[in-house]
K.L.:
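First, the structure itself, so that you have it in front of you.
Just so you know, ligand 1 is whichever comes first in the structure, and atom 1 is the first atom listed for that ligand. Here, residue 1 is the first one in the sequence, and each next residue gets the next number. What's counted below: heavy atoms across the whole structure, side chains too, no hydrogens, waters or symmetry copies.
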Amino acid sequence: MNKKQKTAQLLARYKQLFYCPICQESVHVIEATVTCANGHLFDIAKKGYVNFYGKPSPADYDKHLFEARYQVIQSGMYAPLHDKLGSLLQGTHLLDIGCGEGSHLAQITARRQQQTIGIGFDISKAGITTAAKYHPGHIWAVADLADSPFQTKKFDVLLNILSPANYQEFERLLAPNGLVLKVIPRANYLREIREQVLTIEKVSYDNTDTIAHFKERFPETESYSMQYQWEIPEKLADTLWQMTPLTWGKERHCRLSSVTVDLEVLIGKSR
Ligand SMILES: C[S@@+](CC[C@H](N)C(=O)[O-])C[C@H]1O[C@@H](n2cnc3c(N)ncnc32)[C@H](O)[C@@H]1O
Ligand SMILES: [Zn+2]
């Protein structure tokens, strides 16, 4: 079976988790297309993903950036984060919102014994193409969080890692007793890179407003912070530089031997 057929088979099996992003009707899979009762059609690509986003993706992130993120994440830069998120998983339906090239979802679900279906979506076709290339076995979709193609109250866990949020939509998607796991930078995240490319006022990242906003929507929030230095493998020195848009068009002044990972995990419960 080729990648397209496997993706169609997975989508058919989990079609009850999706709806049409245009008319909100339920969907079914006919050959290599997802379709609703009103005839809206969404292609399953031969690279192994479904496209619910009818427009060209924004160009803020390109395939080189996602390839670099894949290399760096696979090398373990976020392994402590994956351990933490893996320990928090519950239920069987997991949705990664703004999943990029998919390594976080793949690493986190790999830490779980129980059977879990992981769906990752992102507005970037380059991100989803990379995810489908490296992580078969999950469902990958190009889609916009503003018009998401998912049924109401079906997801046990929402992951939202270093990506934009829409809390009204998160509440709609979450199953009763579901969890949102949102990861945001803390003050020293990627400090060594920021010091080389940003003005002094912008080197520290301020997450106060993001946390306050999250707690307004999810009053029962718990949070967990983690900070560590990641030793950069020699062969990934250039790759690390390419994994963030912060550095676009900027020269590296000196080789970095390690980088600070400084993150906050916000754990919100559905009401
Ligand atoms: C900093 S990247 C993080 C990607 C991934 N979670 C990671 O940590 O490697 C932010 C991601 O959010 C995605 N994104 C931005 N706006 C979005 C939207 N409206 N719907 C879905 N994804 C979106 C971008 O395309 C990008 O892949
Ligand atoms: Zn429709």
K.L.:
Which of the numbered atoms in ligand 1 are below 4.0 angstrom from a heavy atom of F66?
P.N.:
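That gives atoms 27 (O) of ligand 1.
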
K.L.:
Do any N/O atoms on I161 end up under 3.5 angstrom from N/O atoms on ligand 1?
P.N.:
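Yes, there is a polar N/O contact under 3.5 Å.
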
K.L.:
Checking one value in my table: which N/O/S atom of H40 lies closest to the Zn ion (ligand 2)?
P.N.:
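Of all N, O or S atoms belonging to H40, ND1 is the one nearest the Zn ion (ligand 2).
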
K.L.:
Please test E234 against R255 for salt bridge (charged side-chain N to carboxylate O under 4.0 Å, His left out), starting from the C-alpha separation and ending with a verdict.
P.N.:
CA-CA 9 Å; E234 181 91 40; R255 175 173 171 352; 3.6 Å; yes

K.L.:
Spell out, yes or no, whether I73 and L89 are grouped together once hydrophobic residues are joined by side-chain heavy atoms under 4.5 Å, including indirect joins.
P.N.:
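Yes, I73 and L89 fall within the same hydrophobic cluster.
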
K.L.:
Measure the acute angle between the ring planes of F150 and F121, then classify it against the limits of 30° and 60° as parallel, tilted or perpendicular.
P.N.:
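Ring orientation, 0 to 90° scale: tilted.
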
K.L.:
Using non-hydrogen atoms of the residue, decide whether G127 is closer than 4.0 angstrom to ligand 1.
P.N.:
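No, that is not the case, since the closest heavy atom of the residue is not under 4.0 Å from the ligand.
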
K.L.:
Which protein non-hydrogen atom lies closest to atom 10 (C) of ligand 1, naming both residue and atom, and how far is it?
P.N.:
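Checked against all protein heavy atoms, atom 10 (C) of ligand 1 sits closest to S163 OG, 3.4 Å.
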
K.L.:
Among all protein non-hydrogen atoms, which one is nearest to atom 5 (C) of ligand 1, and what is the separation to 0.1 Å?
P.N.:
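For this ligand atom, the closest protein heavy atom is G98 O, 3.5 Å.
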
K.L.:
Looking from the Zn ion (ligand 2), what is the angle between SG on C20 and SG on C36, to the nearest 10°?
P.N.:
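Value, to the nearest 10 degrees: 120°.
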
K.L.:
For ligand 1, is Y78 a contact, meaning one of its heavy atoms is under 4.0 Å away?
P.N.:
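The answer is no, since Y78 has no heavy atom less than 4.0 Å from ligand 1.
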
K.L.:
Exactly one of F18, Y19, F52 should register a ring pair (Phe, Tyr, Trp, His ring centres under 6.0 Å) with F42. Which one does?
P.N.:
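Single pass found, and it is F52.
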
K.L.:
Before accepting this row, confirm whether a basic side-chain N of the pair K269/E222 lies closer than 4.0 Å to the acidic partner's carboxylate O.
P.N.:
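Between E222 and K269 there is a salt bridge, with a charged N closer than 4.0 Å to a carboxylate O.
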
K.L.:
Classify the side-chain pair E67/Y134 by whether it contains a donor and acceptor separated by less than 3.5 Å.
P.N.:
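Short answer, yes.
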
K.L.:
Taking only heavy atoms of L162, which atoms of ligand 1 are found under 4.0 Å from at least one of them?
P.N.:
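What qualifies from ligand 1 is 1 (C), 2 (S), 3 (C), 8 (O), 10 (C).
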
K.L.:
Any heavy atom of A146 sitting closer than 4.0 Å to ligand 1?
P.N.:
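In this structure, A146 fails to qualify as a contact of ligand 1 - no heavy atom is under 4.0 Å.
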
K.L.:
Tell me: protein heavy atom nearest atom 8 (O) of ligand 1, and distance?
P.N.:
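The answer is H104 NE2, 3.0 Å.
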
K.L.:
Any side-chain donor paired with an acceptor under 3.5 Å for Q71 and T239?
P.N.:
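T239 and Q71 do not have a side-chain donor-acceptor pair below 3.5 Å.
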
K.L.:
What is the nearest protein non-hydrogen atom to atom 21 (C) of ligand 1, stated with its residue, atom name and distance?
P.N.:
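Nearest neighbour among protein heavy atoms for atom 21 (C) of ligand 1, to 0.1 Å: I123 N, 3.4 Å.
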
K.L.:
Quick check: does any side chain N or O of S163 sit under 3.5 Å from a backbone N or O of N160, one acting as donor and the other as acceptor?
P.N.:
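Here the side-chain-to-backbone pair does not exist.
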
K.L.:
Do any heavy atoms of A143 fall under 4.0 Å from ligand 1?
P.N.:
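Contact present.
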
K.L.:
Are T92 and Q114 linked by a side-chain donor-acceptor pair shorter than 3.5 Å?
P.N.:
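Checked: T92/Q114 side chains show no N/O donor-acceptor pair below 3.5 Å.
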
K.L.:
Do L145 and ligand 1 have an N or O pair less than 3.5 Å apart?
P.N.:
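Yes, at least one N or O pair falls under 3.5 Å.
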
K.L.:
Heavy-atom contacts under 4.0 Å between S103 and ligand 1: side chain, backbone, both, or neither?
P.N.:
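It is neither; nothing of S103 touches ligand 1.
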
K.L.:
Report yes or no: do Q168 and R172 form a side-chain donor-acceptor pair below 3.5 Å?
P.N.:
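Result is no, nothing qualifies.
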
K.L.:
D144 to ligand 1: N or O pair under 3.5 Å?
P.N.:
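Checking ligand 1 against D144, an N or O pair does fall under 3.5 Å apart.
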
K.L.:
Just distances here: any N/O of Y61 and N/O of ligand 1 closer than 3.5 Å?
P.N.:
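In fact, backbone or side chain, Y61 has no N or O that close.
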
